[in-house]
Number of protein chains: 2
Amino acid sequence: MLTDRQKMILRAIVRDYTNNGMPVGSKALVEQLPVHVSSATIRNEMAVLENAGLIRKTHSSSGRVPSIQGYRYYVDHLVKPDVAKTNDIDLIKTSLGGDFQKIDEIVAQSAKILSDLTSYTTFTLKPELKDSRLSGFRLVPLGNRQVMAILVTDNGDVENQTFSVAHRVTSDQLEAVVRLINDQLVGLPLKDVVEKLKVQIPAEISRYMQQPEGFLKIFGDVLTRAAQERFYVGGRMNVLDFSEQNDIESLRSIYSLIDHTDDFAEVLGNPSNQIQVKIGDEISNNDLLRNYSLITATYDVDSHGQGIIALLGPTRMPYSKMIGLVGAFRNELARKLIDYYRHLDE
Amino acid sequence: MLTDRQKMILRAIVRDYTNNGMPVGSKALVEQLPVHVSSATIRNEMAVLENAGLIRKTHSSSGRVPSIQGYRYYVDHLVKPDVAKTNDIDLIKTSLGGDFQKIDEIVAQSAKILSDLTSYTTFTLKPELKDSRLSGFRLVPLGNRQVMAILVTDNGDVENQTFSVAHRVTSDQLEAVVRLINDQLVGLPLKDVVEKLKVQIPAEISRYMQQPEGFLKIFGDVLTRAAQERFYVGGRMNVLDFSEQNDIESLRSIYSLIDHTDDFAEVLGNPSNQIQVKIGDEISNNDLLRNYSLITATYDVDSHGQGIIALLGPTRMPYSKMIGLVGAFRNELARKLIDYYRHLDE
DNA sequence: TTTAGCACTCAATTAGGTTAAGTGCTAAGA
DNA sequence: TCTTAGCACTTAACCTAATTGAGTGCTAAA
């Protein structure tokens, strides 16, 4: 258990280090702390904090930097989220104020805004789709032999894909297929649709088509895409600024992690509480992200589920500011989306 | 005018330097050249080449590296494109052999393959669309108030966008609009469509709709997107490997150049001959790309126009190998696309 | 025209010395 | 028991000088 003074010192060390990036010494602390003690006293306290594993030295006679556990303690017990600047809130409001045609546009734009605001790399997921249901399916002949398949969910999400059909397929056949799917599958959760697609449907569809495999594959693809959790990335290149740039190889790995959708969707995970901070190897068990922190926040869109926004920066980020920003952003985004759905449903 | 021996030396310097990245000295040259002269003789010849501006020293007593002009001379007069390895050709054939649903998929995949093959960053443009014509337009109601607009060109390109319409718009009205557009605009080159969209159409459309502005904007957006030259990028992150990595700031600029579609489409330009090499500031007049070279190649898809593939690497790239690869790739891609169109048209 | 020989240049590395920031410890004071 | 002044010690960072090695240009002779 730390004394109040020790907490104050730890807080000061984290603050100073996240601002200046240089190990913090006892003298510097004496000057910025409101207590009147000597540097020797601070040194004694620092020794205690070091024994507790909360701070460490970079070499035997250096100042101290927070350890992972130190950041952890700071974030869990000491940090006070900043109230976002009205400037920033205005910027968020303006950027989200535009006239969007799709949820995806809003969510993608969100990643961009948040990365501009923070100078870090950001991720956004739209409200989760796991329980969304199929609400419509269309096949639109485009001339030649091209057909567009369109799938709509009750969340307002739209997925589409064009494909070519065999010459002999008539538009009557296409309509029959559409009717079949709409009759049998609309209203079902997407995962049930995936299930039925494997057994029941192929049999029925073959009444109307000789070789339904190609078509079923397309439908499956669109379905998979609609059911897949995808996230948008903002400020990709910001990693360049805050990574310890010496190591090109690890930069590459980080990018490949980010771009390999499934893996990183896992990392973003399903945060339980509203704003959560993962530090260093808490993010994922490989130590690629040892010097990074991830702030994750959920946002609620009433009956339309819960989305995620996240922010990847260096472990030595100004947590209070960033947590404040993420919090403010989350609120604005939720408001915007609730508004969007309201307009759509009315 | 260079003597044969001077040409041989220049070629050897470029080859050695592009392979090893270190300035080439007279002794090293003596060892690898098939002529039996002393290093002093080579030095004399090197002095001639230096006076001609074809090679330069990095400091007063260093070996030589090719100058921009040296590379230029090498590429124009000395390089012999390698015959691509059968390995690589097989890889290209396999990767392009899949079952693609859209041209865009093929062209995007091409960028990826070529970047894997070369370890550089690559760009691909599909056969140019400037003269393509509108061949169809659809509006598909998706339920709620969402509608998908679909535009098809006679090149087989499909663009689509979903948008929301005002409550009171009926499907009769939508159909009237679709009929109007198909009657009036199908068969026209896209740029004429853009033109008519500004004057004639708004008047006519207002017979069916009270406030056509929103709708016209959507149609305009889709149209613009269909008419826009977009390119695909492969191996973005490869820049990390071959840029002189010290300079994060210039890395950022390069990425922002690449991602800012219009600017870079300009850079890719309209190469006149089939394979063209731009070196250093020949690429663009800012000196961001001073240490880069761009190999551009066109590919012909018969009546469906001409596309571009390009490859961005360091000035000190192995030109003979890369030119060979680009040439081979261009042929395979052209073949694939001709095949694709043939299937579509038949 | 070619070549051996030689003085010269410069980047890269190594070694040694200095400085400044910071620590831990001790012993004395409150 | 807590705090503090004082001091010896450690280390990274910086600077300087010396050494090495690859390579050059030039000269004079073959």
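In this text the structure is predicted, and so the values were computed from the model without any measurement.
Partner of Ile55(A) under the side chain to side chain contact (heavy atoms under 4.5 Å, CB included) criterion, chosen from Ile9(A), Leu10(A), Val65(A): Leu10(A).
Here the straight-line distance linking atom CG of Asp116(B) with atom CD1 of Ile92(B) works out to 11.0 Å at 0.5 Å rounding.
Among dG24(C), dT3(D), dA5(D), the nucleotide with an atom closest to any side-chain atom of Thr41(A) is dT3(D). Here dT24(D) is the nucleotide among dT24(D), dT3(C), dT4(D) with the atom lying nearest to any side-chain atom of Ser26(B). Closest approach to the Arg64(B) side chain among dG25(D), dT3(C), dT4(D) is made by dG25(D) (side chain taken as heavy atoms from C-beta onward). Considering only side-chain atoms of Lys57(B), the nucleotide from dT24(D), dG24(C), dT23(C) that sits closest is dT24(D).
Whole-Å rounding puts the Arg5(B) CZ to dT1(C) P distance at 9 Å. Rounded to whole Å, the distance from NZ on Lys27(A) to C1' on dA5(D) is 12 Å. Put simply, CG on Asn51(A) is 14 Å from P on dT23(C), counting in whole angstrom units. Atom CD1 in Ile42(A) sits about 16 Å away from atom P in dC2(D), given to the nearest Å. Rounded to whole Å, the distance from CG on Asn20(B) to P on dG23(D) is 12 Å. Ile55(B) places its CD1 atom 14 Å from the C1' atom of dG25(D), with the value rounded to the nearest Å. Rounded to an integer number of Å, the gap from CG of Asn44(A) to P of dT1(D) is 15 Å. Atom pair Ile9(A):CD1 and dG22(C):P shows a separation of 15 Å (rounding to whole Å applied).
Side-chain polar atoms of Ser293(A) and Tyr319(A) form a donor-acceptor pair below 3.5 angstrom. In this model, a donor atom of one side chain and an acceptor atom of the other lie less than 3.5 Å apart for Asn238(A) and Arg252(B).
Salt-bridge check for Arg5(A) with Glu45(A): passed, with a basic side-chain N closer than 4.0 Å to an acidic carboxylate O. Remark: Glu50(B) does not engage Arg56(B) in a salt bridge, criterion side-chain N to carboxylate O under 4.0 Å.
Two residues, Glu45(B) and Thr58(B), neighbour DNA chain C, and the one matched to the more 5' nucleotide by heavy-atom proximity is Glu45(B).
Nearest approach of Val48(B) to Gln6(B), heavy atoms of both residues: CG1-NE2, 3.5 Å.
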Provide a list of protein-nucleic acid N or O atom pairs under 3.5 angstrom, restricted to nucleotides 6-10 of chain C.
| from | atom 1 | to | atom 2 | distance (Å) |
| --- | --- | --- | --- | --- |
| dT9(C) | O3' | Ser60(B) | OG | 2.8 |
| dT9(C) | O2 | Ser61(B) | OG | 2.4 |
| dC10(C) | OP1 | Ser60(B) | OG | 3.4 |

